[in-house]
Amino acid sequence: MVGGVGVLQLGGVGKDAQGGEEGTLDFRDQLAAVDRGADLAGNDVGEQQVLLGEGAGLFLLERSSRRTRAVPLAANDAWPRLVGRIAAGLYPQSLMSEVESDIVVMKFGGTSVAGAEQIKRAAGRIVAAREGGSRVVAVLSARGKTTDELASQAMEISDRPIAREMDMLLSTGERISCALCAMAIHDMGHEAISLTGSQAGIVTDSTHTKARIIDVRADRIKAALGEDRIVLVAGFQGVSTDSHDVTTLGRGGSDTTAVALAAALKASVCEIYTDVAGVFSADPRIVAGARKLPVVSFEEMLEMSASGAGVLQLRSVEYARNHGVRIHCRSSFEDGPGTLVVSEEETMEQPFVTAVTHSNAEARVTLTGVRDEPGVAGRIFTALAEANVNVDVIIQNEPVGGDQLADLSFTVDRADLTTAKDTIAALGDVSLKVRTDEQIGKVSIVGAGMRSHPGVAAKVFEVLGEERINIEMISTSPIKISCVIPADRVTDAVNSLHRAFELGADAVRPEDPTGPDHRPTVAG
């Protein structure tokens with residue numbers, strides 16, 4: 001190949017732009033040199049190619065008459081379209097296949113657009129992707145703490161603001177971000193148009209403050225892309241299908257907006273830009289040795305999001321899994337490969353535990369004196385579901401006394417505690433007493449490999465026991481174990497489990513970088 005571009009892996013077979021083989025390239029002895037961007041000698045690799053490999057990141061190979069030099073590429077260099085498609089290195093070859101779509105959806109969170117400089121930086125990333133050949137749809141969150149400030153303003157007026165008017169109020173934050181970013185893009189010499197959720201065709205059900213997307217009618221977005229415009233969409237919002245009211249999607253709803261648009265537009269990737277570098281093996285704010293994960297399966301990410309990991313909203317991951325949208329979590333403030341969230345078939349061999357997650361945002365509700373008869377639990381949880389209260393861990397004990405009364409405990413999001421109590425009170429006679437506890441936390445371990453590794457639960461309970469951490473409730477799935485514990489012991493529990501399952505960076509040993517899997521394995 002002369003003057004073309006190819007994608008290849010260390011020790012793999014190069015492919016040119018037409019799919020023809022370039023020949024086997026043996027870089028086994030030069031991995032360290034590639035990591036440093038040093039010169040490579042004696043390899044006939046053509047004039048320009050892109051090199052990907054374990055530990056190597058993304059490199060442009062420039063060949064002269066005497067030598068080939070590996071030049072590291074950043075996401076804002078001359079290849080952003082290619083970078084967007086193959087997620088900039090450190091991933092198995094199965095994740096690097098070329099896709100036909102030239103549409104990229106980019107989502108920027110609140111910290112990524114908090115101030116003028118941050119908005120300009122986001123605009124620069126968007127423009128770089130466009131100049132690299134991609135058609136770009138960007139979804140923006142409200143700036144910084146804008147949503148919290150708007151909610152506080154509502155509470156100054158009303159103790160229980162009407163949900164419909166809350167949606168009208170809260171939806172303004174994202175619109176401000178989009179309009180300001182469009183101005184910045186125009187100053188950079190590109191055409192941009194900002195759209196509200198309803199203008200972008202985001203159609204939802206009628207549940208105010210926690211609406212669900214039921215359709216995406218993206219005709220206006222497609223028309224704007226066809227006119228060579230960059231499209232900016234206000235995240236977190238849509239329009240209800242029956243009343244045509246403004247609706248919002250709940251906390252983190254901009255993630256769901258971005259994934260839904262990526263699915264509707266058949267985008268090559270949905271890039272989620274946040275204030276962290278990707279998905280970690282634990283919260284790096286409380287675990288010093290937390291390791292960034294290059295690849296996570298949808299199933300693992302679903303359990304992690306449900307267990308407290310705040311990188312991605314739970315519903316966005318669910319939507320991505322159901323519609324086959326590849327998510328790429330990246331930092332807004334530094335260049336790097338981030339974390340890919342893909343199907344389990346694409347993640348190859350997994351360590352049996354991938355991450356430790358935690359949550360301090362839940363509360364427990366305990367109903368004492370519940371009648372032990374068919375249908376009572378159904379009444380309770382049907383009422384909670386109709387009130388849009390999501391229930392997590394549930395425990396009911398078997399009555400042992402002659403009165404045949406049981407105790408029923410469950411956890412909910414702390415923000416839903418008042419609604420849960422009011423809902424149960426409205427049922428009247430389902431229990432003798434209702435108690436609540438807001439001083440609880442939850443710690444979970446997640447890993448797709450847990451299905452085939454016995455003894456994981458025993459190790460969790462043993463580790464927490466050695467730390468004298470009392471387990472108050474337990475919930476499990478095939479790839480997750482969650483324990484409700486006292487709130488003041490969450491940090492201790494996370495650190496202890498992270499050490500016990502050897503999830504830190506020093507516990508990872510690279511496999512042969514020229515081997516077929518290209519994935520680190522966890523010792524033990």
Side-chain angles (χ1 to χ4, degrees), residues 4-7 17 48 50 52 57-58 60 73-89 91 95-108 112-113 119-140 178 181-182 184-195 200 216 218-233 235 254-255 257-274 320 323-332 335-342:
V5 176
V7 177
Q48 283 188 331
V50 175
L52 296 151
L58 179 67
L60 175 67
L73 289 179
N76 58 356
D77 275 332
W79 303 87
R81 178 180 176 187
L82 182 60
V83 172
R85 290 182 175 182
I86 59 180
Y91 305 119
L95 305 182
M96 300 177 187
S97 58
E98 183 74 7
V99 285
E100 294 181 1
S101 176
D102 63 347
I103 297 174
V104 173
V105 175
M106 306 170 76
K107 180 264 177 179
F108 294 88
S112 303
V113 292
I119 288 178
K120 291 177 181 178
R121 184 187 292 115
R125 283 188 178 270
I126 293 167
V127 167
R130 181 68 195 97
E131 291 178 347
S134 293
R135 293 185 290 166
V136 182
V137 176
V139 175
L140 273 62
C178 287
C181 192
I185 291 171
H186 276 280
D187 288 348
M188 295 176 184
H190 286 263
E191 289 292 321
I193 181 173
S194 62
L195 301 175
V216 177
D219 294 342
R220 187 166 183 180
I221 294 176
K222 293 175 182 176
L225 292 175
E227 297 167 358
D228 198 25
R229 289 182 172 185
I230 293 169
V231 181
L232 304 174
V233 178
S254 292
D255 290 349
T257 301
V259 172
L261 288 174
L265 297 168
K266 295 181 170 56
S268 60
V269 66
C270 180
E271 297 186 334
I272 306 290
Y273 289 89
T274 72
H323 293 83
V325 175
R326 183 171 298 169
I327 298 176
H328 188 191
C329 298
R330 305 181 67 181
S331 170
S332 297
D335 293 322
T339 300
L340 272 178
V341 185
V342 295

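Listed by chain and residue number, Tyr319, His323, Val325 satisfy the side chain to side chain contact (heavy atoms under 4.5 Å, CB included) test with Ala263 (two or more places apart in sequence, or in another chain).
Within the model, atoms NE2 of His190 and CG of Asp228 stand 8.5 Å from one another, a figure rounded to the nearest 0.5 Å. Distance check: Ile230 CD1 to Arg135 CZ gives 12.5 Å after rounding to the nearest 0.5 Å. Between His328 atom NE2 and Tyr273 atom OH the span is 7.5 Å, to the nearest 0.5 Å. Expressed to the nearest 0.5 Å, how far CD of Glu191 lies from NE2 of His186 amounts to 5.0 Å. Summarising the geometry, atom CG belonging to Leu140 is positioned 8.0 Å from atom OG belonging to Ser254; distances are rounded to the nearest 0.5 Å. Here the CD1-CD1 distance, from Ile193 to Ile185, works out to 12.0 Å after rounding to the nearest 0.5 Å.
Considering only heavy atoms from C-beta on, Lys266 stays 4.5 Å or farther from Ile103 through its side chain. Considering only heavy atoms from C-beta on, Ile272 stays 4.5 Å or farther from Val341 through its side chain.
The two atoms that bring Ile126 and Ala138 nearest to each other are CD1-CB, 3.6 Å, heavy atoms only. Between Ala123 and Met188 the shortest heavy-atom distance is CB-CE, 3.8 Å. Of all non-hydrogen atoms in Ile119 and Val113, the two that sit nearest each other are CG1-O, 3.5 Å. The minimum heavy-atom distance linking Leu265 with Ala218 is given by the pair CD2-CB, 4.0 Å. Minimum heavy-atom separation, Ala129 to Val136: CB-CG2, 3.8 Å. Shortest non-hydrogen contact noted between Val233 and Ala200 is CG1-CB, 3.7 Å.
Between the side chain of Thr274 and the backbone N or O of Ser331, no donor-acceptor pair lies under 3.5 Å.
Each of Val342, Leu340, Val259 was compared with Ile327 under the side chain to side chain contact (heavy atoms under 4.5 Å, CB included) criterion, and only Val259 meets it.
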- Task: Please report the C-alpha distance between Val104 and Ser268 in whole Å, then the side-chain angles of each, then the deciding distance to 0.1 Å, and finally whether the side chain to side chain contact (heavy atoms under 4.5 Å, CB included) criterion is met.
- Result: CA-CA 6 Å; Val104 173; Ser268 60; 3.7 Å; yes
